[in-house]
**Q** 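Quick one: the structure is below, questions incoming.
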Amino acid sequence: MPAITLPDGSVRQFDGATTGTAVAAAIGPGLARAAVAMSLNGKLVDLSTVIDEDAALRFITRKDDIVLEMIRHDTAHVLAEAVQALWPGTQVTIGPSIKDGFYYDFFRNQPFTPEDFEAIEAKMREIIAANAPFEREEWDRDAAIAFFEEKGERFKAELIRDLPESETISIYRQGAWLDLCRGPHMRGTGDIGTAFKLMKVAGAYWRGDHRNPMLTRIYGTAWRDQKELDAYLHQLEEAEKRDHRRIGREMDLFHIQEEAVGQIFWHAKGWRLYTVLQDYMRRLQTRHGYQEVRTPQLVDRALWEASGHWDKYREHMFIATVEDEEKTLALKPMNCPCHVQIFRHGLRSYRELPLRMAEFGACHRYEPSGALHGIMRVRGFTQDDAHIFCTEEQIASETASFVAMLDEVYRDLGFENFRVKFSDRPEARAGDDETWDKSEKALKEACALAGVSFETNPGEGAFYGPKLEFVLTDAIGRDWQCGTLQVDFILPERLDASYIGEDSARHRPVMLHRAILGSFERFIGILIEQFAGRFPLWLAPTQVVVASIVTDAEPYAQDVAEKLRRAGLQVEVDGRNEKINAKIREHSLARVPVILVVGRREAEEGKVAMRRLGGSAQEILGLEDAVRLLGDEARAPDMRRLQG
RNA sequence: GCCGACAUAGCUCAGGGGUAGAGCAACUGAUUCGUAAUCAGUAGGUCCUCGGUUCAAUUCCGAGUGUCGGCACCA
């Protein structure tokens, strides 16, 4: 006699075991039509699930956002059926819903191409139109394995074999086709609707392991209706316009070419942005008690052997040799071993700790070709790196002040939201478990002190210690690690760093590896996408264009520009023989934040007509006022804070 | 690195077995025009590289390089 409690608090009694379908029908035909699944005691299940005891029930209709996940998951099943119908012998593997869509991984000797999409989508529409119900069955484990092996589905068989013994083996049928699946699903394929689209094909390793065979993955997107789908596709187009590679070209910031793959040719404007950012970071870190150093690019392999990097990362290092010498040198892939050299050069006292050593360290890593991505993932980059040599007791407070500094920087640069991941010990690591226990504990306590909440990223730590990763998202929705803080008990040991304690004995310092931007290259990439190239005045490579209306006004335009330059602004004069409309248009498209228009009138009266990017209003200002206003506004945020 | 796609003027792209075209940009001239494109003209290309097929390859085939999208990697 199940009593079913609905979200409005009402309770319905049923004589015997019932199903969601029956309950919905009992409530009303409208709901019966609309309900596609249900939440039973908080768990999302099929509508056909049998209810034989008291339960809290909420029906899921297309209005619920959770239905998007179901649509996507169901669409993945339909995709798999379509593909197997068109290319028998293709093996199925897994097909989950993901952000904005779904994918399905297939094994087939010949990969799919986007040209196949049309045929696949047509077949999918057929399957959806047939509206076969999704039917759940629970199978015996061995029978399921035998069944899939019989069919030649060795990946499916392997999946079942690897499921824990306690797991129920459930199968979902849709018409004549079936798949191993945990569920839940909507009522039938017809519930999917027609707002789906196959997006791209890609290779993906079976179970995400590069030693395994490569599968063909088909990505798709699916939505409740065409309107949502169109909106999503439009959003993708908009994101593409923010792509830092595109804006970098449009704004003449940088380029990359074949002769220096993975390295950046910074053009004048891009470099201006870079140096403004670097100056800002330098001021900030000085204020936060860091000392800046500079260490060599080429360092003998002996040091990398001692640090452990040679062993682990040799293939990813650029090696340099000279004919006259036996030595093998490596372009530094990171700065820490060099910083330890400075630390251990001479005797250190506990009184010097925490010692915060910073370097804008230019590093080179031979990144896999497939990893390269614009200026975000490169082979030559510069970290805003620093190492804090401290005692164990100082870890927490140093972490807290680091997080405060990072927070300040991210806010100043327009990032209010960022995610923090805590990555703990990886499989391949240096140091014993005791040390790792100590490091992870220290870092977690430090997070608590700093009020940092994080998600855990198991097994993703550095080989020498656990790390915090500060993650920002690019225009296309991809995550990038920028800031980081890593606790390291290992390197000081390996490279024999020590200080003299209060007790006059030698002690090992702890090293905190930390970066805020991560690399200038990556961060500037993110910054470009964040602002879509429309930088705040202090970061803009060209801050002001003075545009003359008539040739007569050009001398005055030059005069205006000169005064602005003296106030520290980056100014260009557009004295070309073009109509003012054309100039406004061009400089607006070039994302110049401020255009000062000057004609005869302004020249006579000593004024400027100021127009801001994105607005159409103009403001008439006296020249001196404009210079003061813009000069003030162009100050970096830290300078404003200092100067008020 | 792996799978796939792509590579033509500075940019965006069209074309196609008989050595290439558009728009924008550039340059020249005219125009001096007050807030998102003035008009006219000119110039610009080893069609990524190497090899093969062919009377003939930028086009077809192969290899390489690079880029893009994923996957794997990311000290």
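Letters A, B, ... are given to chains in the order of the sequence lines, protein chains preceding strands, and every chain is numbered from 1.
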**Q** Find the distance A/Glu258:CD to B/A7:P and express it as a whole number of Å.
**A**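 About 15 Å, once rounded to whole Å.
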
**Q** Out of B/A36, B/U32, B/G69, which has the shortest distance to the side chain of A/Leu589?
**A**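 The answer is B/A36, which lies nearest to the side chain.
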
**Q** Check the orientation of A/Tyr104 and A/Phe106. Use parallel for under 30°, tilted for 30 to 60°, and perpendicular for over 60°.
**A**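 Correct class here is parallel.
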
**Q** Atom CD of A/Glu578 to atom P of B/A26: distance rounded to whole Å?
**A**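 Taking atom P of B/A26 as the reference, CD of A/Glu578 is at 8 Å.
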
**Q** Give a yes/no answer on whether the side chain of A/Arg217 brings an N or O atom under 4.0 Å of OP1 or OP2 in B/G69.
**A**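 Negative; the distance criterion is not met.
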
**Q** Identify whether any heavy atom of A/Pro368 sits under 4.0 Å from a base atom; if not, whether one sits that close to sugar-phosphate; answer base, sugar-phosphate or nothing.
**A**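 Since a base atom lies under 4.0 Å of A/Pro368, the category is base.
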
**Q** Give none if B/U54 has no partner; otherwise give the nucleotide forming a Watson-Crick or G-U wobble pair with it, both distances under 3.5 Å.
**A**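 WC or wobble partner does not exist here.
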
**Q** Go through B/G34, B/C73, B/U38 for me and flag the one nearest to the A/Arg601 side chain.
**A**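 Taking heavy atoms from C-beta onward, the closest nucleotide is B/G34.
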
**Q** Whole angstrom is fine here: how far is it from CG in A/Asp252 over to C1' in B/A26?
**A**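 Nearest whole value for this atom pair: 14 Å.
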
**Q** Picking from B/A75, B/U67, B/G34, which would you name as closest to the side chain of A/Glu602?
**A**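 Per side-chain heavy atoms of A/Glu602, the pick is B/G34.
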
**Q** Is it true that the NZ or CZ of A/Arg508 lies under 6.0 Å from the centre of A/Phe489's six-membered ring and within 45 degrees of the ring axis?
**A**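 A/Arg508 over A/Phe489 ring: no.
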
**Q** Who is the Watson-Crick or G-U wobble partner of B/C33, with both distances under 3.5 Å?
**A**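 Its partner: none found.
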
**Q** Base, sugar-phosphate alone, or nothing: which one does A/Tyr464 contact when heavy atoms must sit under 4.0 Å apart?
**A**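 Here A/Tyr464 touches the backbone only, sparing every base.
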
**Q** Of the nucleotides B/U35, B/A26, B/C73, which has the atom closest to the A/Arg576 side chain?
**A**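 Of the candidates, B/A26 comes closest.
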
**Q** With a cut-off of less than 4.0 Å, is there a side-chain N or O of A/Ser369 near OP1 or OP2 of B/G1?
**A**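 The answer is yes; a side-chain N or O of A/Ser369 sits under 4.0 Å from OP1 or OP2.
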
**Q** Please give the distance between the P atoms of B/C24 and B/G41 as a whole number of Å.
**A**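 B/C24 and B/G41 have their P atoms separated by 12 Å.
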
**Q** Quick one: label A/Tyr103 by what it contacts on the DNA or RNA (base, sugar-phosphate, nothing), any heavy atom closer than 4.0 Å.
**A**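 Since no nucleic acid heavy atom lies under 4.0 Å of A/Tyr103, the category is nothing.
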
**Q** In whole Å, measure the gap between the P atoms of B/A57 and B/A20 for me.
**A**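 So the two P atoms sit 14 Å from each other.
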
**Q** Just to confirm, is there a sub-4.0 Å distance from OP1 or OP2 of B/A75 to any side-chain nitrogen or oxygen of A/Lys467?
**A**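 For B/A75, OP1 or OP2 has a side-chain N or O of A/Lys467 closer than 4.0 Å.
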
**Q** Just checking A/Ile580: base, sugar-phosphate only, or nothing, at a heavy-atom cut-off of under 4.0 Å?
**A**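 If one applies the 4.0 Å heavy-atom cut-off, A/Ile580 turns out to touch the sugar-phosphate alone, with no base involved.
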
**Q** Return the nearest nucleotide to the side chain of A/Ala609; candidates are B/A75, B/A36, B/G34.
**A**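 Of all the options, the side chain of A/Ala609 is nearest to B/G34.
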
**Q** Using the side-chain heavy atoms of A/Asn581, tell me which of these nucleotides is nearest: B/U38, B/A75, B/G69.
**A**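 My answer, after comparing the listed nucleotides, is B/U38.
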
**Q** Return the value, rounded to whole Å, for the distance between atom CG of A/Asn457 and atom C1' of B/A75.
**A**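 So the two atoms are 16 Å apart, to the nearest Å.
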
**Q** Counting only Watson-Crick pairs (N1-N3 plus N6-O4 or O6-N4) and G-U wobbles (N1-O2, O6-N3), all under 3.5 Å, who is the partner of B/G17?
**A**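 B/G17 is unpaired by these criteria.
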
**Q** Indicate the atoms forming the closest heavy-atom contact of A/Phe402 with A/Leu485, along with that distance.
**A**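 That closest heavy-atom pairing would be CD2-CD1, 3.6 Å.
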
**Q** Any carboxylate oxygen within less than 4.0 angstrom of a Lys/Arg side-chain nitrogen, looking at A/Arg242 and A/Asp474?
**A**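 Looking at A/Arg242 and A/Asp474, the cut-off is not met.
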
**Q** Kindly assign one of parallel, tilted or perpendicular to the pair A/His339 and A/His387, based on the angle between their ring planes and the thresholds 30° and 60°.
**A**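 It falls in the perpendicular class, over 60°.
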
**Q** Are A/Ile526 and A/Phe415 packed together at the side-chain level, in the sense that at least one heavy-atom pair is separated by less than 4.5 angstrom?
**A**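 Touching, per the 4.5 Å side-chain cut-off.
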
**Q** Using the C1' atom on both, measure B/A26 against B/G44 and round to a whole Å.
**A**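 Taking atom C1' in both B/A26 and B/G44, they lie 9 Å apart.
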
**Q** So which nucleotide does B/G41 pair with, by the Watson-Crick or G-U wobble rule with both distances under 3.5 Å?
**A**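 Because both required distances fall under 3.5 Å, B/G41 counts as paired with B/C27.
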
**Q** Report the nucleotide, chosen from B/G4, B/C71, B/A75, that has the shortest atom-to-atom distance to any side-chain atom of A/Met334.
**A**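 My answer, after comparing the listed nucleotides, is B/A75.
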
**Q** Counting only side-chain heavy atoms from C-beta out, which of B/G1, B/A75, B/U67 sits nearest to A/Leu372?
**A**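 Of B/G1, B/A75, B/U67, B/U67 is nearest to the side chain of A/Leu372.
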
**Q** Looking for any heavy atom pair under 4.0 Å, which part of the strands does A/Gly374 touch: base, sugar-phosphate only, or nothing?
**A**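 Sugar-phosphate only.
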
**Q** Any base atoms under 4.0 Å from A/Arg211, or only sugar-phosphate, or nothing? Heavy atoms, all strands.
**A**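 If one applies the 4.0 Å heavy-atom cut-off, A/Arg211 turns out to touch nothing in the nucleic acid.
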
**Q** Looking across every strand, which nucleic acid part, if any, lies under 4.0 Å from A/Ala371 by heavy atom: base, sugar-phosphate, or nothing?
**A**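 Here A/Ala371 touches the bases of the nucleic acid.
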
**Q** What contact category does A/Gly208 fall into here, base, sugar-phosphate, or nothing, at under 4.0 angstrom with non-hydrogen atoms?
**A**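 Sugar-phosphate, no base atom in range.
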
**Q** So what does A/Ala202 touch, heavy atoms closer than 4.0 Å: a base, only the sugar-phosphate, or nothing?
**A**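 Contact class for A/Ala202: base.
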
**Q** Would you mind reading off the distance between A/His373 atom NE2 and B/C71 atom P, rounded to a whole angstrom?
**A**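 Atom NE2 in A/His373 sits about 12 Å away from atom P in B/C71.
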
**Q** Across all strands, who's sitting opposite B/U12 as a Watson-Crick or G-U wobble pair, both distances under 3.5 Å?
**A**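 Its partner is B/A22 (Watson-Crick or G-U wobble, both distances under 3.5 Å).
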
**Q** Tell me which nucleotide, if any, is Watson-Crick or G-U wobble paired with B/C48 when both distances must be under 3.5 Å.
**A**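 Checking every strand shown, B/C48 finds its partner in B/G64, with both distances under 3.5 Å.
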
**Q** Check whether any side-chain N or O of A/Arg246 sits under 4.0 Å from OP1 or OP2 of B/C11, and answer yes or no.
**A**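 For B/C11, OP1/OP2 do not have a side-chain N/O of A/Arg246 under 4.0 Å.
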
**Q** Contact class for A/Lys312 vs. all strands (heavy atom < 4.0 Å): base, sugar-phosphate, or nothing?
**A**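 The answer is nothing, as A/Lys312 stays clear of every strand by at least 4.0 Å.
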
**Q** P atom, B/G15 versus B/A72: distance in rounded Å?
**A**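 So the two P atoms sit 36 Å from each other.
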
**Q** Give none if B/A72 has no partner; otherwise give the nucleotide forming a Watson-Crick or G-U wobble pair with it, both distances under 3.5 Å.
**A**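 For B/A72, the partner nucleotide comes out as none, under the 3.5 Å rule.
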
**Q** For A/Tyr205 and B/A72, are the ring centres under 5.5 Å apart with planes inclined under 30°?
**A**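 It does not: the two rings, one from A/Tyr205 and one from B/A72, miss the stacking criterion.
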
**Q** When you match A/Leu215 and A/Gln481 each to their closest nucleotide on RNA chain B, which lands nearer the 5' end?
**A**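 So the residue in question is A/Leu215.
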
**Q** Could you work out which one of B/A36, B/C2, B/A26 sits closest to the side chain of A/Arg611?
**A**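 So the side chain of A/Arg611 is nearest to B/A36.
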
**Q** Of A/Gly370 and A/Lys200, whose closest RNA chain B nucleotide lies nearer the 5' terminus?
**A**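 Here A/Gly370 is the residue nearer the 5' end.
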
**Q** Which listed nucleotide (B/G69, B/A75, B/C33) is nearest to the side chain of A/Lys579?
**A**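 Comparing B/G69, B/A75, B/C33 against the side chain of A/Lys579, the answer is B/C33.
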
**Q** Is the closest basic N to carboxylate O distance between A/Arg591 and A/Glu250 below 4.0 Å?
**A**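 Result for this pair is yes, salt bridge flagged.
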
**Q** Got a donor-acceptor contact below 3.5 angstrom from the A/Glu529 side chain to the A/Ala475 backbone?
**A**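 Checking the backbone N and O of A/Ala475 against the side chain of A/Glu529, a donor-acceptor pair under 3.5 Å is found.
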
**Q** If I take atom CG in residue A/Asn212 and atom P in nucleotide B/C2, what distance separates them, rounded to the nearest angstrom?
**A**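 Between P of B/C2 and CG of A/Asn212: 16 Å.
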
**Q** Taking any heavy-atom pair under 4.0 Å as a contact, classify A/Arg245: base, sugar-phosphate, or nothing.
**A**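 Counting heavy atoms under 4.0 Å across all strands, the contact made by A/Arg245 is with sugar-phosphate only.
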
**Q** Would you mind checking if A/Glu586 and A/Lys583 are paired as a salt bridge, meaning a charged N to carboxylate O distance below 4.0 Å?
**A**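 A/Glu586 and A/Lys583: not salt-bridged.
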
**Q** Expressed as a whole number of angstroms, how long is the span from A/Glu259:CD to B/U67:P?
**A**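 Nearest whole value for this atom pair: 11 Å.
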
**Q** Rounded to whole Å, please give me the gap between CD in A/Glu586 and C1' in B/A36.
**A**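 Distance check: A/Glu586 CD to B/A36 C1' gives 10 Å.
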
